[in-house]
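Predicted model, so just to flag it, every value in this text is computed and none were measured.
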Amino acid sequence: MFKIYGYRYNFPVFGLISIEATEDTVLRVSFSDKFCFSKEEAEIPLIKEAFIQLSEYFLGIRKNFSLPISFSGSEFQNKIWRGLQVIPYGETRSYKEVGELVGILRGYRAIGKAVNRNPLAIIIPCHRVIGSNGRLIGYAGGLRIKQELIRLEQRKII
């Protein structure tokens, strides 16, 4: 059995973000002041590294994360979450396009539910998924946060 740790950070603009990890892998990143799985609140080295990489991302100097991650969902959810990881930085895709990307040509509500249950916010970029009409639709951190994340990624970095 492995021990799960959690720690919370307050980021300007984006608010409180909780990170949960074992010694070896990041399990959860969420917009929450509560831990879902952790038994012990501690800023272990991997959680600190996730914080550093998130900070760099928020500053616009990191486009990709290089963290060991682990997610556990249904086969369908895992397929969707892997698909989200290939959406390029600064771009968005509709739920339909996400489905097409992973070979699911129907069931966009189910795709939306899987996107909503993403355990690794930002790291698995579910904020890059929008409605087919181009509008922002749902986000665990709230639409304001989703809009800020998209805006952050779409600004020109010199």
Under a 3.5 Å distance rule, please check whether K3 uses its side chain to pair with a backbone N or O of E23 as donor and acceptor. no
Is the side chain of W81 donor-acceptor paired with the backbone N or O of A114 at a distance under 3.5 Å, no angle test? yes
Ring centre gap for F51 and F11 strictly below 6.0 Å: yes
Which heavy atom in [X] sits nearest to a heavy atom in [Y], and how many Å separate them?
X: N10; Y: G15; result: OD1-C, 3.3 Å
X: N78; Y: G73; result: OD1-N, 3.2 Å
X: C126; Y: L84; result: CB-CD1, 3.9 Å
X: S74; Y: Q77; result: N-OE1, 2.8 Å

Partners passing salt bridge (charged side-chain N to carboxylate O under 4.0 Å, His left out) against E97 (at least two apart in sequence or in another chain): none
Quick one: pull up [atom1] in [X] and [atom2] in [Y] and give me the separation to the nearest 0.5 Å.
X: N64; Y: Q53; atom1: CG; atom2: CD; value: 10.0 Å
X: N133; Y: S94; atom1: CG; atom2: OG; value: 9.5 Å
X: L54; Y: I47; atom1: CG; atom2: CD1; value: 11.5 Å
X: I80; Y: N116; atom1: CD1; atom2: CG; value: 13.0 Å
X: E20; Y: R28; atom1: CD; atom2: CZ; value: 6.0 Å
X: I145; Y: L136; atom1: CD1; atom2: CG; value: 12.0 Å

Who passes side chain to side chain donor-acceptor pair (under 3.5 Å) against E43, sequence neighbours left out? Y9
Please tell me if the side chains of [X] and [Y] come closer than 4.5 Å, counting only heavy atoms from C-beta onward.
X: F71; Y: R82; answer: yes
X: F65; Y: V26; answer: no
X: L46; Y: D24; answer: no
X: R155; Y: R151; answer: no
X: I150; Y: I130; answer: yes
X: R93; Y: P88; answer: yes
X: Y95; Y: R109; answer: no
X: F76; Y: I111; answer: yes

For F14 and F58, take the angle between the two ring planes, folded into 0 to 90°, and tell me which bin it lands in: parallel under 30, tilted 30 to 60, perpendicular over 60. parallel
If you group Ile, Leu, Val, Met, Phe, Trp and Tyr by side-chain heavy-atom gaps below 4.5 Å, do [X] and [Y] land in one group?
X: L105; Y: V86; answer: no
X: L152; Y: L143; answer: no
X: I137; Y: Y139; answer: yes

Go through V29 and I69 one step at a time and tell me if the side-chain contact (heavy atoms from CB on, under 4.5 Å) criterion holds. CA-CA 10 Å; V29 174; I69 62 171; over 6 Å; no
Begin with the C-alpha distance, continue with both residues' side-chain angles, and end with the deciding distance and a verdict on side-chain contact (heavy atoms from CB on, under 4.5 Å) for E41 and Y7. CA-CA 6 Å; E41 186 169 350; Y7 205 77; 4.1 Å; yes
If you look only at pairs with a residue in residues 112-137, which of them pass as a salt bridge (charged side-chain N to carboxylate O under 4.0 Å, His left out), with sequence neighbours excluded? R128-E153
Assess the residue pair I122 and F31 against the criterion (side-chain contact (heavy atoms from CB on, under 4.5 Å)); give the C-alpha distance rounded to whole Å, side-chain angles, the decisive distance to 0.1 Å, and a yes or no. CA-CA 10 Å; I122 304 169; F31 293 94; 3.8 Å; yes
Step by step, would you call I19 with K48 a side-chain contact (heavy atoms from CB on, under 4.5 Å)? CA-CA 9 Å; I19 303 170; K48 181 68 173 179; over 6 Å; no
